[in-house]
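Following: one structure in C-alpha cells, then a few remarks.
We name chains A, B, ... by the order of the sequence lines, and we start the count at 1 in each one.
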There are 2 protein chains.
Amino acid sequence: MSDQKKPATRAEEIRQVIEKEIFQGVLRPGTRLDEESLAARFGLSRTPVREAILQLVYSGLVVKKPRQGAVVAPLDLHRMVQMFEVMSDVEGLCARYAARRMSPDEKARLSAMVAEAEALCEARDLDGYYAVNRAFHDAVYDGSHNEVLKEMARSLFARLAPYRRYQLNHPGRVDGSLAEHAEVVAAIVAADPERAQAVMRKHVTIQADIFAEFVSIMA
Amino acid sequence: MSDQKKPATRAEEIRQVIEKEIFQGVLRPGTRLDEESLAARFGLSRTPVREAILQLVYSGLVVKKPRQGAVVAPLDLHRMVQMFEVMSDVEGLCARYAARRMSPDEKARLSAMVAEAEALCEARDLDGYYAVNRAFHDAVYDGSHNEVLKEMARSLFARLAPYRRYQLNHPGRVDGSLAEHAEVVAAIVAADPERAQAVMRKHVTIQADIFAEFVSIMA
DNA sequence: GGTCCATCTCTTGTATACGTGATGCGAAGT
DNA sequence: ACTTCGCATCACGTATACAAGAGATGGACC
C-alpha cells in the first residue's frame, strides 16, 4: 500500500501511477495497456513502460499474453471468491499472531482506532470510517510481527480493496463491522489467540458473503 | 515449480533457467547477476535478460538496488524463520480445505503416494523419497481446490525447498516425516478438517524447528 | 452470398546505442 | 600515514531501431 517512497527510477514511478489508477478504477479490468500510448502519455520511451507493466503482471494486477499485449486483469469472479476465502483465513492468522505478539503500546493504538471508528460512524462519515477500517486491518497485520504474513495480507487486501468498500453500503453493515472490530480488539488485548483468530476470520467471512451476494445479484 | 510450459518468449525462457539454478544452488545467495554476462552466456541482448531479472525480483528470488545491479536474494535467516512459520499455517489451511474438498479419486492417489513413500523409505532411496514427499505436499495444495491458496503455498514451498530437503538428513526424520504424512492422509480421508489442519501444521512446524536448529548451529 | 486464403498493418519482442549515476583508485592536502 | 577530493570506468536506466507474430482486411473462389 504505502508504496509512496520516492521512486528511484521512471519505471517504478509510472508503475505506481498505473497501479493507483487500477485501484481507483480509472483503469478498469479488461482495459488494454498499450505500450506506445502509455509511453507517449508519460513522455517516455516504451522501455520503462514495459518494465512497469512487467512488474504489474507479476503482482497479478495485469495479465499479459505473449505477443498479444497486456490488459488490466479482468476480474474473475470465481477467483475473487477464492481470494476472499483465503483472505478470511489469512487475516485470522494475523489476528492470532497479533494476540500473542502485540506490545501494550500497539494494543493501545488499536483500541484507539476502534474508538475513532465509533465516532466517525456516529457522525455518518463513511469515507472516514472506511479509512480507519483500513488502518485497523493494517495495524493487525503489523501486529502479527511476521513480514511474510504481512505481505501476503496486504497483497490480498490491495486486490480486494475496491470490493471491500462496496460492502459498507450494505444495510446495517457499518454497525456490524464496528462491533466485530471491537470483538477482535478485545480478544487481542486479552491475548487470546484462538478467539482473536476465530472472530477476525468470521468478520472477514461476512464480508466475503456480502461480496458473494453482490456477485449473484450482478449475474 | 512446474513452470515447464513451453516458453513463448526468450525472457521467460531464461527466467526459468536462472530460477532453476537458484533453486539448485548453482547460483548462490549473494551472487551478482550481471546483465551483460548473462546476455553473453545465453546469446541474447541485455533486454530479455533485464526482463527475466525483473520478474525474479518481483518473485522475491532476486533483490535489486537501482543503479547497483541485481544479486540473488541473500538469505535472511530471520525472514526464513518467518517463512517457515507462515508455511506451517498455510499448509495447515491447505490440509483443512483438502479434507473438505478432495474427491475420492484424489484421496486414493494421496494414499497411494504414502504407500510409495514407504517403499522408497525402506529401500533407503532418499532422492526418490524426497520427490514423492514433494509430490505429496503438492497434491494437498491441489486438494484445497483454491487457486489462490495453492499459489501461495507453492510460492513458499519453492523458496524453502532447498532447506526442506536438508532436514531429511536429520536422524530419524524420514521415519517421522512418513508417519506424519500418514496421519495427515488419514485425517483427510476421514474428512476431518480440524485434525488435518492440526496435523499438517505440526508436520511443517517440525521441519521449521529443525531448520531453526540448523540455523543456530550455523551461527 | 459465404468462406477461405493471402497480405497488410499494428503491436509486441529483441537488439543496439547513448547518457548518467555509482564504485574504486589515485593524488593531493592536512 | 590518513583522509578527502576528483576522475575514470563500468554497469544500469532509457531511448531508438529493427524483426517477427497476431489479428484485420480485402479479394477470390466455391
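For the pair R154(B) and F157(B), the NZ or CZ position fails the cation-pi test of under 6.0 Å to the six-membered ring centre and within 45 degrees of the ring normal.
If you measure from atom CD of E36(B) to atom P of dC10(D), you get 11 Å, rounded to the nearest angstrom. Between the C1' atom of dT14(D) and the CD atom of E35(A) lies a distance of 14 Å, rounded to the nearest Å. Atom-to-atom, CG of D34(A) to P of dG23(D) comes out at 16 Å; the value is rounded to the nearest Å. The distance from atom CZ of F42(A) to atom C1' of dA15(D) is 17 Å, rounded to the nearest whole Å.
Counting only heavy atoms from C-beta outward, the side chains of R101(A) and S144(A) never approach each other to under 4.5 Å.
Classified by interplanar angle (parallel below 30°, tilted 30° to 60°, perpendicular above 60°), the ring pair H137(A)/H203(A) is parallel. Ring geometry for F136(A) against H181(A) counts as parallel: the plane angle stays under 30°, on a 0 to 90° scale with 60° as the upper cut.
Residue L33(A) is in sugar-phosphate contact alone, with no base atom involved, counting any heavy-atom pair closer than 4.0 Å across all strands shown. Across all strands, K65(B) comes closer than 4.0 Å to no nucleic acid atom at all (heavy-atom distances).
We find that K150(B) and D138(B) are not joined by a salt bridge, their nearest charged nitrogen and carboxylate oxygen being 4.0 Å or further apart.
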With B for base contact, S for sugar-phosphate-only contact and - for none (protein heavy atoms under 4.0 Å), nucleotides 14-22 of chain C reads BBBB-BBSS
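The environment of E21(B) atom CD is dense: over 12 non-hydrogen atoms of other residues, nucleotides or ligands sit within 6.0 angstrom.
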